[in-house]
Amino acid sequence: MSKAVVNAPAEKKKSMFSKSGNQKLIVLLVVIFLFIFFSIFSENFRRYTTVLSIMDYSYYIALMAIGVTFPLITGGVDLSIGTGLICYSLAGGYLVVHCGWPTWAGMLVSVLFGVLIGLLNGALVSIMSLPPFLATLCTCMITRGLGSICAKSFGISWPTTGSEGSWFRDIFKITIGDTKYPLGLLWVLLLVMFMAFVLNHTKIGRYTIAIGSNKEATILSGINVKFYHIMAYVISGFFAGLASIAYSAVFSTVQPGTGAGFELEAIGGAIIGGVSASGGAGSVGGSLLGVFVICLLKTGLPYIGLQANWQQIITGMVLIGAVMVDILKKKRAAAV
Amino acid sequence: MEKIKQNPIVKKIGINRIVLCGVLVLMYAIFSMLSDKFVGVQRIMSALNYAYFLGFLSLGVTFVIATGGIDFSIGPVMFCSALISGYCLTSYGVPLAASLLISVLVGFLFGVFNGYFVAYWTVPPFIISMASMNIAKGLASVFTKTQSVSWPQSADANGWYRSFVKAGNFPVGLVILLVFAVICSIVLNQTKAGRYILSLGSNKEAVRLSGVNVKKWEMLAYIICGILVGIAAIFYVAAYTTVQPGYGDTYNNEAIAGCVMGGTSMAGGLASISGTIIGVFIIALLQEGILALGFSKDYQLIITGIIVIVAVYADVVTRRRKN
Amino acid sequence: MGDVILTMKDIDKSFPGVHALDHVNFEVKRGEVHALMGENGAGKSTLMKVLTGIYTKDSGSITFEGKEVEFHNTREAQDAGIVIVHQELNMLGHLTVAQNIFIGREFKKGIRIDDKKMNEEAAKLFEKLHIDIDPAETMSNLTVGKQQMCEIAKAISHEAKVIIFDEPSAALTEAEIEELFKIIRDLRQQQLGIVYISHRMDEIKVITDRVTVMRDGGYVGTLITDECTKDDIINMMVGRVIYEDPKTESAVPKDAPVVLKVEHLNAGKMVQDVSFELRKGEILGFSGLMGAGRTETARAIFGADPKTSGDIYIDGKKVEINNPQDAVKCGIGYLSEDRKRFGIVVQKSVAENSTMASMENFVKGLFINKSKENKVAQEYVDSLATKTPGVDQLVVNLSGGNQQKVVIAKWLIRNCDILIFDEPTRGIDVGAKNEIYKLMNRLAEEGKSIIMISSEMTEILRMSDRIIVMCEGRKTGEIDISEASQEIIMNMATREI
């Protein structure tokens with residue numbers, strides 16, 4: 001037996017290197033680098049208001065990214081989160097603005113709507129065995145249509161600051177004295193910590209990873225794979241619902257027919273942050289860092305004189321780059 | 001039922017396609033009954049206008065799905081093609097013929113881009129689709145400085161391209177689309193490229209171990225798709241003339257819907273061009289019918305979404321039963 | 001040995017086209033190691049899958065601890081106390097060892113999974129089994145042998161009453177096998193019933209108390225290990241004269257030209273410094289245990305996997321093979337052990353599969369010449385006696401033996417002179433096996449050169465002109481058929497390096 005033990009320490013060292021911690025550190029360095037880069041090239045970028053606006057842009061993407069990390073880890077994807085977000089916001093907002101519902105009820109409807117669509121996605125993928133990208137592409141279109149129908153094709157304006165029922169805006173940006181503070185960051189960080197706990201220390205998270213790692217073996221272990229597979233999409237839908245609240249609070253006005261492309265920013269962020277496009281590996285904290293890379297690009301590019309639309313192109317490129325890194329890493333691991 | 005299935009003529013045409021044709025006729029009948037506005041050449045021409053560009057998109061994506069992949073960047077890429085070539089035409093004074101070529105070229109380049117990463121880098125097709133969808137939108141917006149582009153009207157000096165769609169009241173577009181469908185069908189079923197595309201969709205590793213350069217053929221499927229998307233752009237502007245940057249993703253689902261309804265399997269290896277064409281007509285008629293009944297485009301999105309889900313689920317069930 | 005804990009009686013199971021189990025009887029006593037033996041495809045694994053609820057039986061009864069039972073999935077069987085250590089590993093590479101062992105029944109502290117306790121419990125388990133593995137290590141970082149040990153630990157942790165080992169030693173080194181036996185003796189001591197599935201005669205004699213032999217899905221008989229000889233068991237397993245008819249001498253003339261020469265081939269862990277020569281008209285057998293690196297060697301030669309270093313010469317000329325295309329151009333054809341995954345395109349017709357590797361010859365202008373394609377495919381259907389209603393039949397509807405013939409046709413149409421058969425008769429009915437053997441002999445007589453990888457000793461001894469033995473990625477022996485015997489080959493295949 002002694003023979004079989006010899007390699008153990010060496011193996012361990014190697015694994016420490018390839019662990020996601022390494023990638024998280026790199027992504028963190030990229031975030032810092034981007035911030036410094038834009039700060040050097042643009043005086044306006046260095047202002048506190050810019051930081052605030054980066055934060056504003058980051059909340060809804062970050063929340064979506066936290067949620068979509070779960071389907072991604074199962075080896076699937078959720079493309080419905082972007083248009084879904086708009087749909088949930090429109091539905092909730094319609095009730096608040098046109099039906100006189102209290103703000104909290106509207107917010108609750110947004111979240112519940114998200115959970116419902118998550119449930120639908122989960123059922124399509126898990127019970128009906130549809131390819132995840134296709135099932136969620138369909139729900140992406142369906143939520144787009146539904147959102148528009150909910151709002152009768154008009155834009156919805158959630159209560160703006162100062163008007164009645166606008167307290168929910170303070171959840172994300174609170175004004176104390178003359179200064180505004182990005183309070184949303186705190187909630188996002190707390191949620192990241194909570195979901196990291198869920199991913200690493202609860203059954204839901206454990207089985208999410210197991211499904212992405214080897215679905216057959218997970219079924220053979222006697223686990224109710226269908227249920228946990230659905231749960232991954234429900235989590236994604238739930239966080240898309242939360243993201244819709246962040247979106248309503250930050251931007252107030254929501255237009256039907258928008259939202260396509262948000263999912264790329266969230267999924268891109270997750271993959272940049274180390275979630276494997278083929279499933280099994282990933283971390284919630286990494287996804288958050290990845291989102292900051294994308295948000296910095298999005299807000300930073302106009303400051304150095306590039307059109308905002310360049311961000312779409314660059315995000316697409318960065319996404320492909322991140323997946324290529326993942327593929328190369330796997331190739332190297334297989335060769336060892 | 002079994003007897004009907006065994007009938008040689010039915011077998012030749014395929015029970016699926018007969019049912020689809022039935023659906024098409026039935027839909028027309030129902031829409032005509034529900035709305036008196038629906039009857040008449042005007043509506044049919046309008047539905048056909050929609051069917052042309054959608055048909056080319058669907059034909060293109062059929063090749064990609066045949067390899068077992070997916071491309072849902074086709075809608076935005078079509079818009080990108082139409083915008084870039086249109087901007088060249090209207091703002092840089094590029095001749096019309098050259099602009100049309102540029103349109104096809106842009107589609108081709110996106111096909112090369114998608115195909116290269118999928119085939120040579122094994123990047124999952126849905127990731128590439130997401131990426132190029134956004135790249136296409138971004139590129140079009142940057143290129144046109146976020147302005148919409150209006151192609152020339154029929155009466156303008158450069159308006160002859162619109163006769164691709166119709167000359168007088170003759171549906172030229174239909175003829176061109178059907179000719180392309182026949183070509184696609186021949187490519188898919190009668191040539192080496194088609195044989196390899198279908199085979200690798202069914203079992204890529206077995207084809208690779210037969211000494212076939214699977215990467216090349218897989219990439220080719222995406223390139224064919226790209227070229228057809230470029231052509232779709234021409235038919236889009238010929239029918240509607242105006243294109244806005246930032247849009248186009250709703251057509252992805254409709255093109256895929258036409259394809260999967262026609263009997264092309266999402267798992268790859270099985271594709272039917274004639275099925276795709278009938279599927280496209282159903283979608284086009286549906287769109288026209290919904291508008292005629294006074295509903296908004298939103299209902300169309302939802303119905304198309306459900307159609308794709310049902311069609312793909314039917315495919316999943318059939319495959320499960322076979323195993 | 002105690003009382004009977006498990007009885008399977010008259011078990012019958014059919015799959016479309018195959019009668020997999022034909023009224024099989026089997027029983028296990030407490031404190032007994034009961035070997036289940038038989039050739040590949042004899043039905044051992046199927047029987048165990050029926051027992052653990054992966055397959056449902058068509059008829060027959062299972063009695064466990066005096067009660068008739070029927071399990072619908074592995075979980076139910078586990079809960080009752082019957083666990084299986086699978087031949088193919090069922091691990092979750094991204095999780096740790098402890099997380100794998102306790103998957104589906106994690107220890108919890110509130111809603112939190114108690115990983116610390118799981119690590120401790122796993123460590124205790126390993127200690128009891130005298131295995132030295134870090135429970136917190138990620139599964140994919142372990143060697144195959146250690147992963148197997150984890151599977152065993154997982155099975156034991158279920159408080160099992162009956163443990164089934166499905167060829168557990170196939171991927172283990174000698175030292176690890178010793179360790180495994182120690183564990184099994186321990187378990188026997190604790191009055192567990194143990195089913196031990198294996199091919200290896202020597203192990204059976206060492207570790208088991210009784211032997212039940214199966215053949216072609218049927219029950220042959222049960223013997224007490226101490227009271228029988230190896231030959232008794234072999235006779236029961238084989239039961240046919242043809243199997244005991246090894247080649248006595250090579251049919252290849254000593255001066256036959258070398259068509260393929262491989263020098264110092266390296267590819268990953270599984271192929272280390274492999275060199276050999278293949279002569280014209282020769283059938284070169286590759287023997288060894290599962291995981292010895294034979295398939296990997298074949299794939300590296302064929303360019304299916306990248307090689308690290310090494311030279312390949314065809315007809316004395318050095319060639320560069322970097323992918324299957326290069327290999328096919330050099331006239332090498334590869335017939336995989338897993339036909340469905342690597343050999344055929346099931347949804348395509350016989351004709352389309354036959355011409356897959358040689359489309360160039362069937363293209364006229366831009367188009368495929370289908371009539372020529374059908375004509376040639378038909379010729380090969382006739383000459384190989386492939387049973388198919390027609391060349392337009394989808395290969396998915398053909399039996400395993402006939403699918404294999406379609407793959408052979410593919411390479412013959414491509415005019416390949418070197419054919420690599422990887423487990424040529426795996427999953428093929430006994431009758432059809434013989435036909436494949438005849439075909440291979442005919443091809444060799446016609447001047448084709450064949451590399452045959454096989455895990456069946458009888459196949460190796462019957463077919464080969466010369467035998468190369470591999471172990472743990474290295475070539476450990478090369479012998480002429482006239483000197484070969486089962487014992488010599490086994491010895492080489494398990495040699496410590």
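Below, chain A is the first sequence line, B the second, and so on; all start at residue 1.
- For NZ of B:K192, the number of neighbouring non-hydrogen atoms (other residues, nucleotides, ligands) closer than 6.0 Å is greater than 12.
- Heavy-atom proximity under 4.5 angstrom to chain C picks out B:A206, B:V207, B:R208, B:L209, B:S210, B:G211, B:V212, B:N213 from residues 206-213 of chain B.
- When all heavy atoms of B:Y196 and C:M356 are compared, the closest pair comes out as OH-O, 3.2 Å.
- Heavy-atom distances place no part of C:A327 under 4.5 Å from chain B, backbone and side chain included.
- One finds a salt bridge joining C:E352 and B:R195 here, because a Lys/Arg side-chain nitrogen approaches an Asp/Glu carboxylate oxygen to under 4.0 Å.
- Heavy atoms of C:V363 lying under 4.5 Å from chain B belong exclusively to its side chain.
- Between B:G269 and C:K348, the shortest heavy-atom distance links the atoms O-NZ, 3.7 Å.
- When heavy atoms are compared at a cutoff of 4.5 Å, C:F302 approaches chain B solely by way of its side chain, counted from C-beta outward.
- The backbone N or O of C:V346 sits nowhere less than 3.5 Å from a side-chain atom of B:N203 that would complete a donor-acceptor pair.
- Residue B:L200: no heavy atom, backbone or side chain, is found under 4.5 Å from chain C.
- Atom CG of C:L394 and atom OG of B:S202 lie 9.5 Å apart (nearest 0.5 Å).
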Stepwise salt bridge (Lys or Arg N to Asp or Glu O under 4.0 Å) check, B:E205 with C:R299: CA-CA 12 Å; B:E205 195 55 17; C:R299 286 179 61 97; 3.7 Å; yes
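- Within 6.0 Å of NZ on C:K307 lie more than 12 heavy atoms contributed by other residues, nucleotides or ligands.
- Contact of C:K329 with chain B is not made at all, since no heavy-atom distance falls under 4.5 Å.
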